[in-house]
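Beneath this line is the structure, given in structure tokens, with notes to follow.
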Amino acid sequence: MTEIMHPPEPFKIKMTEPIWLLPRKQRYEKLKEAHYNLFFLRSRDVFIDLLTDSGTGAMSQDQWAAMLLGDEAYAGARSWEEFYSVANDLTGCEHIFPVHQGRAAERIIFSVVDTDGKIFISNGHFDTTRANIESRGGIAIDLPDENAKSPFKGNLDIARAEELIKQKRDRIGGLILTLTNNTFGGVPVSLENIRQTYELAKKHDLPLYMDIARIAENVYFIWKYELNEEGDDLWEIGKEICRYADVLMMSAKKDGLVNMGGMLCVRDDTLAEQIKIDLILGEGFPTYGGLAGRDLSALAVGLKEAFQLPYLEYRIGQVRYLWHRLKEIEIPVLKPHGGHAVYVDAAKFYPDIPPEKYPGQVLACMLYLEGGIRTVEIGSVMFGKEENGKFIPAPKELVRLAIPRRIYTQSHMDHVIRVFEQVKNKESFCKGFRITKAMPYLRHFTAHFEPVN
Ligand code: F0G
């Protein structure tokens, strides 16, 4: 077996931000104060923050330089031109709308297209995408291809999608491809599957939506495992993918390599006019969306950097390193690993804790308690439901370790691995949780928990 190495970072560190590990006793107090919901922790009380890879990355010197040159004119700023030129080149869309983050793009598009009673079929809706569809009377259905060839476990199940379209053609609102497929492990979608989804959409005259929050990471997997490292221009692969979409939504907080931002891109002129009205009402003038000029300049640079091969080799290599080392110490990690995170199967980690007692939440709390690590539960806290007093669990009980871009080094990853080893050999401080307070949508953000024993 070849030893899995952590790739050397393709950058030097020019500025530092201190982090520290509170004593265990204090960490326990902080957990209680946060009602055992890690979203309520203060970041200064967290040592290694793997809550999300969204908006938590470090910008490059070129991005900071671009920020200083940002043009803050209300309309038609130079920063807008820089952003438009890069986004237009990538997506091939004439109509590009900056927005303050990904869910704003989702909110706007699903307000202007017909969602009432409509079914949207996806390889995996992200939770905000699902919420934006369902809160407008739509139905979001995930059809991931469980038999897809590794690593392309993010694929859409074309056969099942076509079957559903044939059964309910009049009620289908469109197809949605999420690249990479965050909900099912941050796993990529193959170029072949993207083309097949496009053909399916065209055959049935349906729009194809693409969520390209992590398109660069998806492209890396295609380049390495589907195109067998042919060529070295990953931007071109990104361009090809985008050509298949009618509508593109992006949270630029991921592969835009910025801390805030997003975009909505469409080809249809009528749709663009409707979006413009909504954008002006809610986000701002169409040449800035909800963003400052400097944000748009940094995004223009970040989008290009995200597709650079040395960066992606390091980025995916770091995830691979953590995944392999956890697997070596027999932590039940989801196979294969994705592009931005390692997912741990909490139902396997804690086989004695049933889904209705939220094993993922217990594991997430244990990782904080033992090592100051903040992660997120992606299981029945996030996707479980109560229907007529009956508990309906999520398909899987996962804990996600999302790795921020260009922030942590190998020794930080080694700390995470050590903490997992400790948690594995220790009894959990509780035998599960009960939710004592929750909102109807996206409840994981604000729920309160109480330990049950
Ligand atoms: N689409 C995907 C695939 C996402 O992962 C996210 C956010 C969004 C859309 C929404 O974007 O946060 O900018 O409004 N994912 C973050 C995460 C929150 O932690 O995975 P946003």
Decide, yes or no, whether a salt bridge links [X] with [Y] under the criterion of side-chain N to carboxylate O below 4.0 Å.
| X | Y | value |
| --- | --- | --- |
| Glu230 | Lys224 | no |
| Asp89 | Lys239 | yes |
| Asp255 | Arg405 | yes |
| Asp414 | Arg325 | yes |
| Lys202 | Glu199 | no |
| Arg130 | Asp127 | no |
| Lys203 | Glu162 | yes |
| Glu94 | Arg267 | no |
| Asp145 | Lys153 | no |

Taking atom [atom1] of [X] as the centre, does the number of heavy atoms from other residues, nucleotides or ligands within less than 6.0 Å exceed 12?
| X | atom1 | value |
| --- | --- | --- |
| Met439 | CE | yes |
| Trp64 | CH2 | no |
| Glu226 | CD | yes |

Would you check if the side chain of [X] reaches a backbone N or O of [Y] as a donor-acceptor pair within less than 3.5 Å?
| X | Y | value |
| --- | --- | --- |
| Thr183 | His125 | yes |
| Asn155 | Asp157 | no |
| Gln63 | Ala298 | yes |
| Arg169 | His204 | yes |

List the atom of [X], the atom of [Y], and the distance in Å for their closest heavy-atom pair.
| X | Y | value |
| --- | --- | --- |
| Phe152 | Val189 | CD2-C, 3.6 Å |
| Asn181 | Asn123 | ND2-O, 2.9 Å |
| Ser60 | Glu305 | OG-OE2, 2.6 Å |
| Leu248 | Cys93 | CD1-SG, 3.6 Å |
| Arg27 | Glu370 | NH2-O, 3.2 Å |
| Ala341 | Arg400 | CB-CG, 3.6 Å |

Can you tell me how far [atom2] of [Y] sits from [atom1] of [X], rounded to the nearest 0.5 angstrom?
| X | Y | atom1 | atom2 | value |
| --- | --- | --- | --- | --- |
| Ile215 | Met210 | CD1 | CE | 7.5 Å |
| Leu234 | Lys304 | CG | NZ | 11.5 Å |
| Ile212 | Cys265 | CD1 | SG | 6.0 Å |
| Lys253 | Met260 | NZ | CE | 3.5 Å |
| Asp233 | Leu309 | CG | CG | 10.0 Å |
| Arg374 | Asp45 | CZ | CG | 9.0 Å |

Taking the six-membered ring for Trp, are [X] and [Y] ring centroids under 6.0 Å apart?
| X | Y | result |
| --- | --- | --- |
| Phe110 | Tyr209 | yes |
| Tyr288 | Tyr74 | yes |
| Phe47 | His415 | yes |

In terms of relative ring orientation, are [X] and [Y] parallel, tilted or perpendicular, with 30° and 60° separating the classes?
| X | Y | result |
| --- | --- | --- |
| Tyr84 | Trp80 | tilted |
| His340 | Tyr343 | perpendicular |
| Phe221 | His337 | tilted |

Item to complete: Give the C-alpha distance, both sets of side-chain angles, the deciding distance and a yes or no for side-chain hydrogen bond (donor to acceptor under 3.5 Å, both in side chains) between Thr180 and Glu217.
Response: CA-CA 7 Å; Thr180 54; Glu217 290 165 5; 4.8 Å; no
Fill in: Residues Ser251, Gln101; criterion side-chain hydrogen bond (donor to acceptor under 3.5 Å, both in side chains); working and verdict
CA-CA 5 Å; Ser251 165; Gln101 65 181 94; over 6 Å; no
Discussion item. Can you see whether Lys118 engages Thr115 through a side-chain donor-acceptor pair at a distance of less than 3.5 angstrom?
Written reply: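 No donor-acceptor contact under 3.5 Å links the two side chains.
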Item to complete: Just do the side-chain contact (heavy atoms from CB on, under 4.5 Å) check on Lys276 and Phe97 with the steps written out, would you?
Response: CA-CA 8 Å; Lys276 220 176 268 177; Phe97 301 100; 4.1 Å; yes
What pairs of donor and acceptor atoms, side-chain ones from residues 277-285 against any protein atom, are under 3.5 angstrom apart with sequence neighbours left out?
{"residue": "Asp278", "atom": "OD1", "partner": "Arg107", "partner atom": "NH1", "Å": "3.3"}
{"residue": "Glu283", "atom": "OE1", "partner": "His100", "partner atom": "N", "Å": "2.7"}
{"residue": "Glu283", "atom": "OE1", "partner": "His100", "partner atom": "ND1", "Å": "3.0"}
{"residue": "Glu283", "atom": "OE2", "partner": "His100", "partner atom": "ND1", "Å": "2.9"}

Practice prompt. Decide side-chain hydrogen bond (donor to acceptor under 3.5 Å, both in side chains) for Glu397 and Ser380; before the verdict, give the C-alpha distance in whole Å, the side-chain angles of both, and the deciding distance to 0.1 Å.
Written response: CA-CA 6 Å; Glu397 303 299 330; Ser380 290; 2.5 Å; yes
